[in-house]
Amino acid sequence: MKKVCYVGLIGRPNVGKSTLLNNILNFDLSIVTNLAQTTRDNIKGIYNDHDSQLIFIDTPGIHKAEFLLSEKLNEKSYKTLKDVDVVLFVTAANEKLGTGDKYVINKIKETTDAKLVAVITKIDLIDKKELLDEKAAQLKELGFLSVLGVGLGYKQTYYDLVDEIKSFAYPSELIYEEDQYSDVSLRFMAKEIIREAAINNLYHEVPHSVAITIDEFIENENDDSVPYKIYATIFVKSESQKGILIGKGGSKIKTISMSARQRMISVFQHPIILLVKVKVDENWVDDEQKIKNAGY
């Protein structure tokens, strides 16, 4: 019998939660962009090795709620904490602990009895070790059982973090199959891949006013040579944003679609036909039913 542990990742936007999860899994499950607040769903990533199954739940970054969508994302993050064994509070090495971080930490303590571990990401961006030591000491004072650092180019740090989490695991029947790396569907992954491609190609022109729906996902399980056919819609808040998204002569939406299609082929290991259209819906970020329709 292996050991199992549920782990929630939480923190402010753009501190590297999704990159952390992807590095632990050695698979690009959560979308990663240079913009904050790109994770909108509680995404389960499943780590398996010879003695343990660790179930990670990546959450949207906690941020000031400007729309109903923002409130729903914050609620989703905190709700996750009630059902995990360990909470990883993620904070970036190149940012000081501020009032926003302390608010999140206090909220964590109010919400869950889980074990609290702090993870300092992006340690590769800091030259002075004493700055990391200072931040680690601050986190210890705030009640974390342990504080670990991770960074690109420091592969061992991710192994050390996994070992630390394993110390909280307990004997259990496996929750998921040993070769399973997530519980999300191909349809969900297609939606996230399109959104990642849109954000990465639009930069700051159309920030977080983009929602994706998969209108139709046609699979042919009996013939690997027949492509999946995916019909998707990208919703934006204004006609001006629609123009930016489509681009001159349709150049931008073509680039986004090609980028998303190539990523899907790589992830799904299957031929893909992807057809994407753009629609305007001015109020979707403040309409509860439309937020639900978009999967949030």
Side-chain angles (χ1 to χ4, degrees), residues 1-11 15-32 39-62 73-91 104-105 107-121 139-140 142-150 154-189 192 267-268 295:
M1 182 178 290
K2 290 189 175 184
K3 290 186 175 182
V4 167
C5 190
Y6 280 89
V7 186
L9 282 72
I10 195 164
V15 293
K17 295 187 304 299
S18 297
T19 300
L20 172 63
L21 178 58
N22 290 347
N23 274 282
I24 289 172
L25 300 179
N26 199 28
F27 180 83
D28 290 343
L29 176 63
S30 291
I31 75 170
V32 177
T39 298
R40 286 185 181 165
D41 294 85
N42 291 344
I43 300 171
K44 284 184 183 175
I46 303 158
Y47 171 92
N48 285 287
D49 64 14
H50 66 285
D51 62 2
S52 301
Q53 183 173 91
L54 309 179
I55 302 152
F56 292 88
I57 307 174
D58 189 14
T59 64
I62 301 296
L73 296 182
N74 285 344
E75 287 175 13
K76 185 174 286 191
S77 293
Y78 289 127
K79 186 178 180 181
T80 297
L81 303 184
K82 297 179 180 179
D83 302 316
V84 300
D85 306 301
V86 176
V87 172
L88 297 186
F89 173 72
V90 185
T91 179
V104 174
I105 292 168
K107 191 76 173 178
I108 292 169
K109 292 177 179 178
E110 292 172 5
T111 306
T112 182
D113 294 325
K115 306 298 184 183
L116 305 183
V117 174
V119 181
I120 302 175
T121 59
L139 289 163
K140 277 279 193 177
L142 290 169
F144 290 94
L145 296 174
S146 57
V147 181
L148 294 92
V150 297
Y154 295 89
K155 193 68 178 175
Q156 184 60 43
T157 60
Y158 296 98
Y159 299 141
D160 293 342
L161 176 57
V162 166
D163 286 342
E164 177 69 15
I165 296 166
K166 282 185 180 184
S167 70
F168 302 108
Y170 46 89
S172 170
E173 296 294 332
L174 293 184
I175 310 300
Y176 297 97
E177 297 294 330
E178 292 187 76
D179 60 352
Q180 191 173 348
Y181 56 82
S182 181
D183 67 342
V184 300
S185 65
L186 294 182
R187 191 183 188 103
F188 172 88
M189 294 192 73
E192 288 296 276
V267 172
F268 299 165

Could you pull out the closest heavy-atom pair between [X] and [Y], with the gap in Å?
{"X": "Glu177", "Y": "Gln53", "value": "O-NE2, 3.9 Å"}
{"X": "Val7", "Y": "Val84", "value": "C-CG1, 4.1 Å"}
{"X": "Val117", "Y": "Phe144", "value": "C-CD2, 3.6 Å"}
{"X": "Asn48", "Y": "Gln180", "value": "ND2-O, 3.4 Å"}
{"X": "Met189", "Y": "Tyr181", "value": "SD-OH, 4.3 Å"}
{"X": "Leu88", "Y": "Phe56", "value": "CD1-CE2, 4.3 Å"}

| request: Begin from the C-alpha positions of Ile24 and Leu54 and carry the test side-chain contact (heavy atoms from CB on, under 4.5 Å) through to its verdict. | output: CA-CA 10 Å; Ile24 289 172; Leu54 309 179; over 6 Å; no

| field | Stepwise side-chain contact (heavy atoms from CB on, under 4.5 Å) check, Thr157 with Leu148 | value | CA-CA 8 Å; Thr157 60; Leu148 294 92; over 6 Å; no

Spacing of [X] atom [atom1] and [Y] atom [atom2] [to the nearest 0.5 Å]:
{"X": "Asp58", "Y": "Ile10", "atom1": "CG", "atom2": "CD1", "result": "10.5 Å"}
{"X": "Ser52", "Y": "Leu174", "atom1": "OG", "atom2": "CG", "result": "10.0 Å"}
{"X": "Tyr47", "Y": "Asn26", "atom1": "OH", "atom2": "CG", "result": "10.0 Å"}

Between side-chain atoms of residues 158-165 and protein atoms elsewhere (two or more places apart, or another chain), which donor-acceptor pairs fall under 3.5 Å?
residue	atom	partner	partner atom	Å
Asp160	OD1	Gln156	NE2	2.9
Glu164	OE2	Ser146	OG	2.9

| message | Other residues, nucleotides and ligands only: do more than 12 of their heavy atoms fall within 6.0 Å of CG on Asp51? | response | yes

| task | Look only at the side chain of Lys140 and the backbone of Leu145, and say whether a donor-acceptor pair between them is shorter than 3.5 Å. | result | yes

